[in-house]
Amino acid sequence: MTKSFPSYLRVHTGPVNSKTKSEKRASSDAVTQFWSSFSDATGWRIDSSRRSKANEVTLLPAVNAATTSDPGEESPTITKSSALRLAKSASKLAAQLTRSHQSMRIQEMELAARAAIVPDVNDRAKLADKIERILAEATEGTGCAAAALYLLDDDTELLKARSVFGLPLSRLEDAPRELRGSRGDLEAMVQTVVTIDNFLAGGIDTWNSPEPYAAGICVSVNDGDVPIGTLWLFADEVMPFGKRDEAVARMAASFIASELKHAAASPHPKQPSLQHETIRDVAEWQHLSLPIGTEIASGWRADGMIESPRSWASGWHTWDVLPDGTIMLAMAEADDNSMRGAIAAVVARTAITAHAYYRHDASQMLSRINDTLWQTNSGDQLLSMLYMHLDPESGEGNYASSGNIMAMICSQYGYRPLVDGASDPLGTHINARAKTGSFSLLPGEAMLAYNKGMQIGRASQAFLGDRLRKCLQASDRNPLAAIRREMAGMSLDQERAAVTLLRS
């Protein structure tokens, strides 16, 4: 006795390769029709057997009944070179259309799995392949010729084709069809599966079949007990479907629902792009909040720079003319060069804006900034800061300094240190222990304040003072730009920041 396995238990390891009428129908899409029309119109045909890996096009004379019977009338009216140029252009368009169909196929699977839940394009392609494999096996298991998966929209009013087998991929471009009036889909959602032996029984199609076939099966695709779409299996000829066919259809719909649910439940991958976008926004805000070099008062020009090896900066600078006519200039840098330090610097920047416009001296300002740092944290927000007041009429000023920010005053004859940058930063003690002092800026002199990053490599205090002196000798009104150009070749290992105040 010979045993044979039922067809619905066969294991398939590859795509179905049977040649059915529906596959022939599927192949006659817009591209195939174009090449047929091309041969009829030009008298030349594509030699598909000699297509190389580089997609080179080779033409042969079109051989058909018309050309052999009447060579005078129906012989090629277009030269081979002209037809070849046309064929090459058409071949590129055909390739582009094929790529578009493949991309659309993958995107439909993304939508089938509830949009951006499957973010990786490779995962979407794998899901599309799995669904199409299920459709192929269900088609063969039921003896049908084609299959299509339709999913409901969010309002459960429209059914959109998301995957097809044995049909042109252009079906995915078709507009959604309404669920209302689609008898086959509605009955399947109620009864789970509906078999239609003859769509035209009684001479009229009351089932509203989505494709012009003779018979078919419609089965509901459910997420739990909730229908999310339908699976249609189409047959070329009228045929009676049995219990075995219903079981195969239900199994295929169950597998499809399982694949979609698995894709939707996959853990979300990490999204470094969101973190990168946040850092970019912080860096952009820091850049826009820094003042540009300008003549802050008559005869006084302020300028500043920050260069950081990171996307963000841990320091800032600012200047302004206070309500009493005094020039205010400040520069700060967090000791922590991480994003946490950048936030601490923002806290200090906000505090100086809040405290600057009522009466105070330099020492009082640093005390208020220190209080703010302690009130917003437990004392581990350390900040180096230099704050200056200056009378634009006399050039007399005073300063308060905490931390490692240094300053010098320079003329065309030389330079003299002003702040040594050797004190405890703000936030170290509950009461600020700032160094204070006074200075005078004469016509033709400039004040340069800078952080410790400016002294990395060859940029020592003598280097900075010498470059600043040469700029003043040359009457350069942008000395900081000249210093920056001199340091352009030095490696940027630490954040570099500086401000200048030039009295002309």
Side-chain angles (χ1 to χ4, degrees), residues 272-273 275-293 302-318 329-349 373 380-387 401-408 410 415 417-428 446-471 478-501:
S273 59
Q275 180 181 2
H276 176 74
E277 185 175 338
T278 301
I279 293 174
R280 184 192 63 193
D281 291 342
V282 171
E284 183 177 359
W285 177 86
Q286 288 181 325
H287 175 73
L288 295 176
S289 66
L290 293 174
I292 61 174
D303 199 2
M305 61 159 277
I306 291 182
E307 293 178 335
S308 175
R310 299 170 297 276
S311 300
W312 65 90
S314 57
W316 51 265
H317 53 260
T318 186
L329 185 143
M331 177 179 173
E333 181 182 51
D335 280 20
D336 186 353
N337 57 18
S338 67
M339 182 61 72
R340 182 180 179 184
I343 294 174
V346 171
V347 172
R349 175 68 183 272
L373 294 175
D380 56 352
Q381 294 185 132
L382 304 181
L383 185 84
S384 297
M385 184 171 178
L386 173 65
Y387 185 81
S401 173
S402 290
N404 55 34
I405 294 179
M406 295 154 279
M408 67 173 70
C410 188
Y415 66 91
L418 179 62
V419 181
D420 60 8
S423 60
D424 294 332
L426 295 178
T428 305
M447 187 280 301
L448 170 66
Y450 54 97
N451 70 343
K452 62 180 180 180
M454 290 288 288
Q455 292 189 305
I456 301 300
R458 295 182 292 106
S460 61
Q461 185 184 70
F463 172 90
L464 297 173
D466 185 61
R467 295 302 182 273
L468 186 57
R469 178 182 59 83
K470 289 181 178 179
C471 290
N478 296 287
L480 191 56
I483 293 174
R484 193 174 188 180
R485 287 192 296 270
E486 289 282 347
M487 300 181 66
M490 301 179 184
S491 60
L492 186 61
D493 300 320
Q494 294 191 32
E495 186 172 309
R496 295 197 290 245
V499 294
T500 56
L501 183 61

I need the I483 CD1 to N478 CG distance, nearest 0.5 Å.
11.5 Å
Contact between P417 and Q461 at the side-chain level, heavy atoms closer than 4.5 Å - yes or no?
yes
For I306 and L290, what are the C-alpha separation, side-chain angles and deciding distance, and is it a side chain to side chain contact (heavy atoms under 4.5 Å, CB included)?
CA-CA 9 Å; I306 291 182; L290 293 174; 4.0 Å; yes
To the nearest 0.5 angstrom, please state how far the OG1 atom of T500 sits from the CG atom of L448.
7.0 Å
Any idea which heavy atoms bring S384 and N404 closest together, and the distance?
OG-N, 3.2 Å
Taking all non-hydrogen atoms of both residues into account, name the closest pair between G403 and S423 and its distance.
N-OG, 3.0 Å
Between I343 and R340, is there a side-chain heavy-atom distance shorter than 4.5 Å?
no
Please assess M487 against E307 for the test side chain to side chain contact (heavy atoms under 4.5 Å, CB included), listing each intermediate value before the final yes or no.
CA-CA 11 Å; M487 300 181 66; E307 293 178 335; 5.8 Å; no
So does L288 have more than 12 non-hydrogen atoms from other groups sitting under 6.0 Å from CG?
yes
Testing the basics here: between A334 and L383, what is the closest heavy-atom pair and its distance to 0.1 Å?
N-CD1, 3.6 Å
Closest non-hydrogen atoms of A330 and Y387, given as atom of the first, atom of the second and distance, are CB-CD1, 3.8 Å
Shortest non-hydrogen contact from G427 to L373?
N-CD1, 4.5 Å
Contact between M406 and D420 at the side-chain level, heavy atoms closer than 4.5 Å - yes or no?
no
In this structure, CZ of R349 is separated from CE of M385 (nearest 0.5 Å) by 10.0 Å
CG of L468 to CD of E486, rounded to nearest 0.5 Å, is 12.0 Å
Just how far is it from atom CD1 of I405 to atom OH of Y450, taken to the nearest 0.5 Å?
11.5 Å
Residues forming a side-chain hydrogen bond (donor to acceptor under 3.5 Å, both in side chains) with N451, sequence neighbours excluded
E333
Could you give the distance from CE (M331) to OG (S401), rounded to the nearest 0.5 Å?
10.5 Å
Close side-chain approach of T428 to L382, heavy-atom, < 4.5 Å:
yes
For D336, give me all partners under side-chain hydrogen bond (donor to acceptor under 3.5 Å, both in side chains), at least two apart in sequence or on another chain.
S338
Could you tell me which non-hydrogen atom of S308 sits nearest to which non-hydrogen atom of E495, and how far apart they are?
OG-OE1, 3.7 Å
Keeping the roles fixed (side chain from S491, backbone from D493), state whether a donor-acceptor pair exists under 3.5 Å.
no
Run the side chain to side chain contact (heavy atoms under 4.5 Å, CB included) test on M408 and M447 for me, step by step, so that the C-alpha distance in whole Å, both residues' side-chain angles and the decisive distance to 0.1 Å come before the verdict.
CA-CA 6 Å; M408 67 173 70; M447 187 280 301; over 6 Å; no
Does the side chain of R467 reach to within under 4.5 Å of the side chain of R484, using non-hydrogen atoms?
no
Is there a donor-acceptor contact under 3.5 Å from the side chain of W312 to the main chain of N337?
yes
